[in-house]
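Heads up: the structure comes next, in structure tokens.
Because only heavy atoms are used, hydrogens play no part in the values below, and waters and symmetry mates are left out as well, while side chains stay in. The sequence lines fix the lettering, A, B, ..., with proteins before strands; numbering per chain opens at 1. In this text the structure is predicted, and so the values were computed from the model without any measurement.
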Number of protein chains: 2
Amino acid sequence: MTDKEQPKRSRRSSGAITLRDVAMLAGVAPITASRAINTPNQVSPDVLRKVQEAVQRTGYVPNRMAGGLASSRSRLIAAVVPSTVVSVFMETIESLNGTLFDAGYQLMLGQSGYSAEREELLLEAIIGRRPDGIFITGILPPGKARTRLLASGIPVVETWDLTPTPIDMLIGFSHSDIGREVAQFLIRKGYTKFAIVRAEDERADRRTVAFQETVAQLGLPPVFVANVGASRSLKSGREAMARILAEAPDSQAVFCSSDLLALGVMTEARARGLTVPDDIAVMGFGDVPFVADMVPALTTVRINGGQIGTLAARFLMDRAEGRTVDPRIVDVGFSIIERDSTALAKTLT
Amino acid sequence: MTDKEQPKRSRRSSGAITLRDVAMLAGVAPITASRAINTPNQVSPDVLRKVQEAVQRTGYVPNRMAGGLASSRSRLIAAVVPSTVVSVFMETIESLNGTLFDAGYQLMLGQSGYSAEREELLLEAIIGRRPDGIFITGILPPGKARTRLLASGIPVVETWDLTPTPIDMLIGFSHSDIGREVAQFLIRKGYTKFAIVRAEDERADRRTVAFQETVAQLGLPPVFVANVGASRSLKSGREAMARILAEAPDSQAVFCSSDLLALGVMTEARARGLTVPDDIAVMGFGDVPFVADMVPALTTVRINGGQIGTLAARFLMDRAEGRTVDPRIVDVGFSIIERDSTALAKTLT
DNA sequence: TTGAAAGCGCTAACAA
DNA sequence: TTGTTAGCGCTTTCAA
């Protein structure tokens with residue numbers, strides 16, 4: 001046999017089994033093998049069988065990078081999560097990932113919350129992968145990153161908040177409504193003197209302001225606010241409670257911007273011989289799994305994080321597959337879970 | 001101008017700016033633009049400037065799928081995490097992701113812990129992306145998934161455990177050592193009657209067995225073991241404690257397979273009027289951030305999860321870039337953090 | 001239903 | 001230092 005046209009240049013090749021190998025083994029053209037694998041009802045049963053056999057025999061795994069390049073569809077979704085993983089987001093990421101995986105998509109992770117410069121790099125890295133969609137925890141503030149995303153044309157879903165001007169799609173809830181409703185809830189229970197423990201966080205700020213406004217409208221005494229800065233640790237909660245007891249000792253109920261802070265508040269109260277809720281009521285935010293079974297069980301605000309993840313996955317896949325999403329803004333709401341930590345105090349009855 | 005060779009077939013094209021566009025704008029060949037971007041010191045200052053300018057002007061973001069396909073290097077690392085995200089792993093994932101990102105790699109997430117069939121699908125999905133490395137939380141048990149990974153030839157690092165037969169690389173610690181050392185620690189403190197609260201988990205099992213053996217060797221009474229099944233919730237801890245108090249009421253110290261279970265044990269103890277550590281000592285595993293500041297502060301076993309993540313990232317990148325990793329098995333150890341929950345009991349002094 | 005050709009956007013290999 | 005050529009492995013387009 002004369003060898004015909006030996007390539008002048010050798011070329012690497014990763015060595016892995018390719019579609020070509022499978023096609024040759026099955027005795028069909030590569031494109032036919034591709035169809036047998038991706039759209040099986042476009043080929044004859046005979047071809048289908050032969051190709052499947054060849055796939056089995058070779059252990060062929062399609063190269064999605066090549067597929068993505070050829071089809072301009074990466075089947076990749078990027079998720080931007082805060083670098084300080086607050087467990088409250090994990091439920092969302094898990095359901096996002098689960099829903100995507102079931103539909104043949106993969107999740108890429110990016111950590112935000114560093115410098116603006118790094119945020120730029122993160123966006124570059126993400127866009128460079130040409131994901132079919134981007135999930136963002138929170139709302140991207142105006143700036144270079146936002147502009148860049150907008151320019152990329154990639155479907156984006158922002159979450160965990162509401163705004164009239166999302167980049168693209170939005171699944172969230174109103175933090176102001178939470179502040180207001182929590183205040184109303186506590187006031188209905190008979191409390192009148194409040195303290196708030198909050199982390200330095202724009203969303204917590206909106207909850208705080210709404211809470212304060214509601215209290216002010218009813219002519220109740222001003223709310224004592226303990227800002228714990230960036231830290232959301234149990235320790236910060238304890239320190240904040242110490243401050244409350246020193247500077248606003250007549251507080252009857254404390255609303256915290258996270259369950260962990262609430263745990264800290266309760267810990268400090270107990271360490272000082274106070275009883276929750278008899279001496280002071282405590283309320284959290286997030287409903288992380290274990291606060292329901294503490295003693296006292298924590299009253300808190302529950303967000304259906306799983307629903308946010310599932311919906312976001314659907315929205316992004318819909319858009320990736322050419323469907324339109326309507327409405328593009330969804331308010332998933334929240335619920336106040338009443339437990340023992342806000343049972344009516346003895347001193348109020 | 002006569003138009004020369006109009007292509008017979010039109011072809012989509014994603015519409016995005018490509019390297020070709022940048023190169024044309026800069027007046028150089030695509031490969032030169034590529035070099036200016038990727039290996040700037042291989043081009044003249046003049047070319048570098050022109051290309052950088054063109055990148056700026058166009059907002060060009062390289063297509064990493066194309067780059068990966070051409071170079072057989074995806075700069076993608078896949079991480080397999082348990083589907084029930086236990087916060088104890090988050091520190092590892094964050095430092096893994098951070099270290100990778102700084103070096104220009106991206107992290108892909110896969111959730112394990114479902115059926116063997118789904119595990120197979122997960123591996124397929126991962127291998128299909130041709131990652132440069134795979135991070136696994138835990139050790140992959142023998143089975144199809146393990147065989148497939150081994151066959152793929154992709155560098156793998158298993159973590160959080162030790163075994164003489166890893167797939168490839170391994171960064172972990174000995175669970176038996178933990179069980180033994182925790183037993184010795186508690187015995188040294190004067191305790192003699194023990195209970196263990198553990199989740200249904202192979203690693204927790206090894207800690208338990210080593211604990212029991214150590215106790216038995218010293219001729220102490222057998223350890224009461226409360227198995228809480230798959231659940232690791234605070235509630236399970238409470239239920240387990242209830243069982244301990246009913247079936248082994250003379251227990252002096254309880255070792256739990258997670259901090260959250262320990263929290264449940266302490267909660268139940270307190271709910272029944274018992275004081276920790278005066279009436280019973282409690283010890284956890286994991287050292288999640290907030291247990292240091294509870295009252296009483298929890299004695300626990302600390303694993304340096306961040307170190308595992310950073311090391312794993314280095315190992316995988318080393319291998320991806322052709323360097324050899326030696327040794328391939330690293331024991332990062334653990335430490336027992338002594339706090340108030342195991343302060344010597346009154347009844348023992 | 002099947003296949004040939006072309007090319008997605010990039011980089012390795014070789015040449016000047 | 002710069003450029004030419006030839007693919008990486010797949011899918012789209014067009015044709016049979």
Over how many whole Å does the gap from [X] atom [atom1] to [N] atom [atom2] extend?
X: B/Asp21; N: C/dC10; atom1: CG; atom2: C1'; answer: 13 Å
X: A/Ile17; N: D/dG9; atom1: CD1; atom2: C1'; answer: 13 Å
X: B/Arg64; N: D/dC8; atom1: CZ; atom2: C1'; answer: 17 Å
X: B/Arg130; N: D/dG9; atom1: CZ; atom2: C1'; answer: 9 Å
X: B/Ile127; N: D/dG9; atom1: CD1; atom2: P; answer: 16 Å
X: A/Arg20; N: D/dG7; atom1: CZ; atom2: C1'; answer: 12 Å
X: B/Arg73; N: D/dC8; atom1: CZ; atom2: P; answer: 19 Å
X: A/Asn63; N: C/dC10; atom1: CG; atom2: P; answer: 17 Å

If you check the [X] side chain, which of [options] turns out closest?
X: A/Leu69; options: D/dC10, C/dA12, C/dC8; answer: C/dC8
X: A/Leu19; options: D/dT11, C/dA4, C/dA12; answer: D/dT11
X: B/Ala70; options: D/dC10, D/dC8, D/dT12; answer: D/dC8

Worksheet item: Is there a donor-acceptor pair closer than 3.5 Å between any side-chain N or O of B/Arg75 and the backbone N or O of B/Ala103?
Response: yes
Worksheet item: Within the distance-only criterion (no hydrogens, no angle test), does the side chain of B/Asp132 pair as donor or acceptor with the backbone N or O of B/Arg73 below 3.5 angstrom?
Response: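 No, the answer is negative, given that no donor and acceptor are paired below the 3.5 Å cut-off.
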Worksheet entry | Over all atoms of both residues, closest heavy-atom pair of B/Leu69 and A/Met65 |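 Distance-wise, the nearest heavy atoms are N-CE, 4.0 Å.
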Worksheet item: If you look only at pairs with a residue in residues 24-36 of chain A, which of them pass as a side chain to side chain donor-acceptor pair (under 3.5 Å), with sequence neighbours excluded?
Response: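 Those involving residues 24-36 of chain A are A/Ser34-A/Asn38.
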Item to complete: With sequence neighbours left out, write down each residue that passes side-chain hydrogen bond (donor to acceptor under 3.5 Å, both in side chains) with B/Thr159, or none if nothing qualifies.
Response: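 Applying side-chain hydrogen bond (donor to acceptor under 3.5 Å, both in side chains) to B/Thr159 gives none.
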Worksheet item: Among residues 40-49 of chain A, which residues get a heavy atom nearer than 4.0 Å to DNA chain D?
Response: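 Residues of residues 40-49 of chain A that come under 4.0 Å of DNA chain D do not exist, since none gets that close.
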Discussion item. Looking at A/Arg148 and A/Glu124, is any side-chain nitrogen of the basic one under 4.0 Å from a carboxylate oxygen of the acidic one?
Written reply: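 Here A/Glu124 pairs with A/Arg148 in a salt bridge, since their nearest N and O are under 4.0 Å apart.
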Discussion item. Just to be sure I understand the rule, does A/Pro62 reach a base, reach only the sugar-phosphate, or reach nothing, if contact means heavy atoms closer than 4.0 Å?
Written reply: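 Counting heavy atoms under 4.0 Å across all strands, the contact made by A/Pro62 is with sugar-phosphate only.
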Discussion item. Distance check, rounded to the nearest 0.5 Å: B/Leu162 atom CG versus B/Leu170 atom CG?
Written reply: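 Spacing of CG (B/Leu162) from CG (B/Leu170) equals 5.5 Å.
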Worksheet entry | ring-ring contact (aromatic ring centres under 6.0 Å, His included) contacts in which one or both residues fall within residues 133-157 of chain A, not counting sequence neighbours |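 Non-adjacent pairs meeting ring-ring contact (aromatic ring centres under 6.0 Å, His included): zero.
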Worksheet item: Listed by chain and number, what are the side chain to side chain contact (heavy atoms under 4.5 Å, CB included) partners of A/Leu25, not counting sequence neighbours?
Response: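 Per chain and number, A/Leu25 pairs via side chain to side chain contact (heavy atoms under 4.5 Å, CB included) with A/Ala54, A/Arg57, A/Thr58.
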Practice prompt. Return the residues of residues 31-39 of chain A meeting this criterion: a heavy atom under 4.0 Å from some atom of DNA chain C. Order them by number, or give none.
Written response: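 Result for residues 31-39 of chain A: A/Ile31, A/Thr32, A/Arg35, sorted by number.
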Worksheet item: Considering heavy-atom distances to DNA chain C, does A/Pro30 or B/Val61 have its closest nucleotide positioned more toward the 5' end?
Response: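 Checking each residue's closest nucleotide, the 5'-ward one belongs to A/Pro30.
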